[in-house]
2 protein chains.
Amino acid sequence: MATMHDVARLARVSVSTVSYVLTGTRPISQATRDKVLAAMAELDYQPNAMARGLASRRSRILGLLMPMDERGLGATETAFVTGAAAAASTAGYHLVLSPVGGGDLDDLRRLATQRMLDGVVLMEVQLADERVTVLQEAGVPLVLIGRTGDTSALSYVDIDFEQTVREAVAHLVGLGHRRIVYVNHSAATLASGYGPALRTRDAFVSAMTGHGLEPVMIAAEDSAAGGRAALAAAFAQAPELTAVLAMNETAIFGILGELTGRGLSVPDDVSVVSMVTSPQVAELATPALTAMTSPGSALGRIAIEALLRHLDGPAGGRHQQLLPCALEIRGSTAAPRSRQPMGADQ
Amino acid sequence: MATMHDVARLARVSVSTVSYVLTGTRPISQATRDKVLAAMAELDYQPNAMARGLASRRSRILGLLMPMDERGLGATETAFVTGAAAAASTAGYHLVLSPVGGGDLDDLRRLATQRMLDGVVLMEVQLADERVTVLQEAGVPLVLIGRTGDTSALSYVDIDFEQTVREAVAHLVGLGHRRIVYVNHSAATLASGYGPALRTRDAFVSAMTGHGLEPVMIAAEDSAAGGRAALAAAFAQAPELTAVLAMNETAIFGILGELTGRGLSVPDDVSVVSMVTSPQVAELATPALTAMTSPGSALGRIAIEALLRHLDGPAGGRHQQLLPCALEIRGSTAAPRSRQPMGADQ
DNA sequence: AATCTTCGTCGAAGCGGTTCGACGAAGCGG
DNA sequence: CCGCTTCGTCGAACCGCTTCGACGAAGATT
């Protein structure tokens with residue numbers, strides 16, 4: 001393994017010159033630069049990341065802390081990760097994914113405090129998130145995906161749930177639906193302060209009310225069984241429902257199964273819209289689901305770019321941005337059977 | 001940020017003594033150790049990972065190179081990752097996940113060659129995998145999940161596909177099925193030399209032949225549409241089929257949809273077994289799928305443990321191990337309608 | 001022409017640890 | 001009682017790179 005000294009000797013320059021060629025910190029004449037580059041190529045030189053990190057006090061490693069529960073990562077999260085990785089790589093940074101579950105805050109603290117990470121992107125932030133506190137105390141630059149309850153001081157990128165729900169509801173209302181049920185995450189999730197669940201709930205209420213319609217929300221466990229139960233509950237509360245809006249990638253399959261089980265056809269009897277859903281998952285269902293597609297990879301890229309800005313200038317200030325999901329119409333929505341489309345209010 | 005010097009000064013010992021307390025490389029008296037530990041606690045000392053890595057030539061970081069395609073990570077892969085992360089953490093190592101796609105071999109080479117990773121676990125290994133070559137050239141200790149074509153020189157952990165297929169077939173045959181179709185990954189995937197697809201194909205042929213039955217295999221694209229097409233092809237080739245064995249988590253939903261579309265009921269008309277499938281996914285379907293559950297987290301743990309053994313003693317030699325999937329019977333398999341169970345051959 | 005910048009390069013001092021050789025103090029057998 | 005290990009500790013030399021101050025050679029300024 002060649003070192004900088006080897007390169008310097010071969011190129012007949014000093015080590016510092018080699019370093020300047022590498023980092024561009026000081027001007028170097030073209031002739032010298034060429035000599036050095038030739039020597040590096042000949043020796044197949046690769047800088048030692050540890051030494052570089054120690055001397056420069058920057059590891060050039062960014063952490064992406066992601067949740068890893070038993071359910072696995074959806075295509076949405078994956079798009080997010082690849083978007084972030086690409087952005088980091090472009091900027092010459094490595095992105096390491098750390099599967100810190102809820103429990104191991106200590107592990108997180110260690111990572112942050114050992115100066116191994118220049119900055120961190122936090123996924124799936126809770127409204128009150130201990131990890132944020134830990135990282136702030138450790139003084140690690142931070143960008144959130146999602147928002148804490150108090151959004152004042154931190155940088156974040158998040159899905160614009162309000163806008164997304166509004167669009168989804170408008171789509172259904174535009175088709176002529178009046179009785180629309182929103183299937184959210186579980187009651188426990190809501191109680192735990194999961195931002196997306198709470199925000200969409202509120203947005204749904206306000207969107208429906210805005211159309212002069214009555215909002216009905218059902219909480220569903222994240223499982224197929226939960227979806228089936230939720231649909232039953234929905235019919236109990238709103239017997240004439242003609243459309244279901246759901247933000248629960250797991251439950252939605254139960255919902256569809258139960259619909260079929262009741263002899264109801266999608267979309268003729270009941271329209272279904274799935275929110276924050278990747279095209280891949282939407283296509284799994286028969287018929288393919290009309291869905292609000294999340295801006296996954298853009299979200300990842302923007303988060304990393306904001307983080308990098310923080311590293312360069314601490315004066316950078318906060319970056320706060322919301323991105324809406326895009327409506328993609330597939331086979332699971334249509335005008336309700338019993339009425340004409342009403343052209344509604346948009 | 002306190003350094004070792006600060007700790008040494010406060011404890012009135014030399015830096016090397018502090019280091020020995022930390023690493024346990026040399027004996028230290030209890031009295032001194034206590035003084036040092038007290039000083040560390042008081043200063044809230046955390047060793048600097050970079051400095052430690054530079055001096056010791058070990059980063060204490062293990063890499064897990066995982067594929068990140070658009071489809072996302074299944075629960076199977078996730079279990080794998082969490083198993084690996086837990087094992088690494090127990091041993092005092094960090095595990096970083098690197099989402100290296102197919103393209104960026106350079107990025108991989110850089111990571112490996114910059115001495116940032118002590119060792120690497122490679123997921124989703126192809127029969128002929130360039131990444132293996134790159135890493136071997138870089139001299140990075142390596143453990144594979146999956147196997148290359150030539151298994152002689154490398155350490156690996158893999159699913160025992162032969163055994164898994166044999167069990168799945170035995171289950172169906174035991175129920176009385178005679179016409180069983182195997183839905184594999186796509187023809188392109190097979191052609192690309194994807195080990196699991198090839199091994200299960202061979203195992204299926206041999207298992208069926210062993211029962212005196214004719215093996216019928218269909219290649220399916222990894223999509224719901226692919227599954228539907230595959231089922232149509234299956235009925236074309238084997239009109240009286242009563243059971244489908246599938247190893248394609250995506251296509252299986254299309255298969256189920258198409259079955260329902262044809263007015264066939266699962267499991268009464270056709271039994272379905274899904275291979276290398278997590279309980280979470282199996283439960284998504286209605287009825288829940290009888291599946292061969294992969295030993296995900298065990299696989300991850302074992303891979304990391306083998307890797308750590310490589311780091312300690314290069315004399316460690318290879319570690320090669322196969323783990324079978326466990327049959328979990330749910331609602332998608334039953335005796336075929338037209339015949340009695342036959343008690344078959346086990 | 002003398003002085004002042006700017007440019008390009010060098011040498012050396014760290015960055016925060018690990019590790020090796022050395023060395024005094026005990027503990028030991030003979 | 002003496003020489004010989006063993007134990008516990010220290011000092012110093014790195015690990016491979018960045019970065020700062022210095023300095024000679026040009027080019028610009030007056």
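Basis for what follows: all heavy atoms, side chains included, without hydrogens, waters or symmetry-related copies.
Using a 4.5 Å heavy-atom cutoff, the side chains of Pro196(B) and Val276(B) are not in contact. His319(A) places a side-chain heavy atom less than 4.5 Å from the side chain of Ile302(A). Contact annotation: the side chain of Glu137(B) never approaches that of Thr113(B) to less than 4.5 Å [non-hydrogen atoms, C-beta and beyond].
Across all strands, Val13(B) comes closer than 4.0 Å only to sugar-phosphate atoms, never to a base (heavy-atom distances). Using a 4.0 Å heavy-atom cutoff across all strands shown, Ser29(B) reaches sugar-phosphate atoms only and no base atom. Contact annotation for Thr3(A): backbone-only contact, meaning every heavy-atom pair under 4.0 Å involves sugar-phosphate atoms and none involves a base.
Gln320(A) pairs by the side chain to side chain contact (heavy atoms under 4.5 Å, CB included) definition with Tyr156(A), Arg318(A), not counting sequence neighbours. Residues forming a side chain to side chain contact (heavy atoms under 4.5 Å, CB included) with Ala55(A) (at least two apart in sequence, or on another chain): none. Shown here are the side chain to side chain contact (heavy atoms under 4.5 Å, CB included) partners of Thr25(B), two or more places apart in sequence or in another chain: Tyr20(B), Thr23(B). Under the side chain to side chain contact (heavy atoms under 4.5 Å, CB included) criterion, Thr17(B) pairs with Val13(B), Ser14(B), Ile28(B), Thr32(B), not counting sequence neighbours.
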Which dot-bracket string describes DNA chain C (Watson-Crick N1-N3 plus N6-O4 or O6-N4, or G-U N1-O2 and O6-N3, all under 3.5 Å; [ ] crossing; | other strand)? ||||||||||||||||||||||||||||||
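Atoms CZ (Arg12(A)) and C1' (dG8(C)) sit 19 Å apart, rounded to a whole Å. Rounded to an integer number of Å, the gap from Arg26(A) CZ to dG11(C) P is 14 Å. Separating the CE atom of Met4(A) from the P atom of dG16(D) is a distance of 12 Å, rounded to the nearest angstrom. Atom-to-atom, CG of Leu22(A) to C1' of dT18(D) comes out at 11 Å; the value is rounded to the nearest Å. Here the P atom of nucleotide dC7(C) and the CD atom of Gln30(A) are 16 Å apart, to the nearest Å. dC14(D) atom P lies 11 Å from atom NE2 of His5(A), rounded to whole Å.
Near DNA chain D, defined here as any heavy-atom distance below 4.0 Å, the residues from residues 33-62 of chain B are Leu54(B), Ala55(B), Arg57(B), listed numerically.
Put simply, CZ on Arg52(B) and CG on Leu22(B) are 5.0 Å apart, with the number rounded to the nearest 0.5 Å.
Distances from the side chain of Thr25(A) to the nucleotides dG11(C), dT19(D), dG8(C) place dT19(D) closest.
Looking at Arg147(A), its side chain never comes within 3.5 Å of a backbone N or O of Gly195(A) through a donor-acceptor pair.
Between Ser19(A) and dT18(D), a side-chain N or O to OP1/OP2 separation shorter than 4.0 Å is present.
Between the side chain of Ser16(A) and the base of dG11(C), at least one donor-acceptor pair of N or O atoms lies under 3.5 Å.
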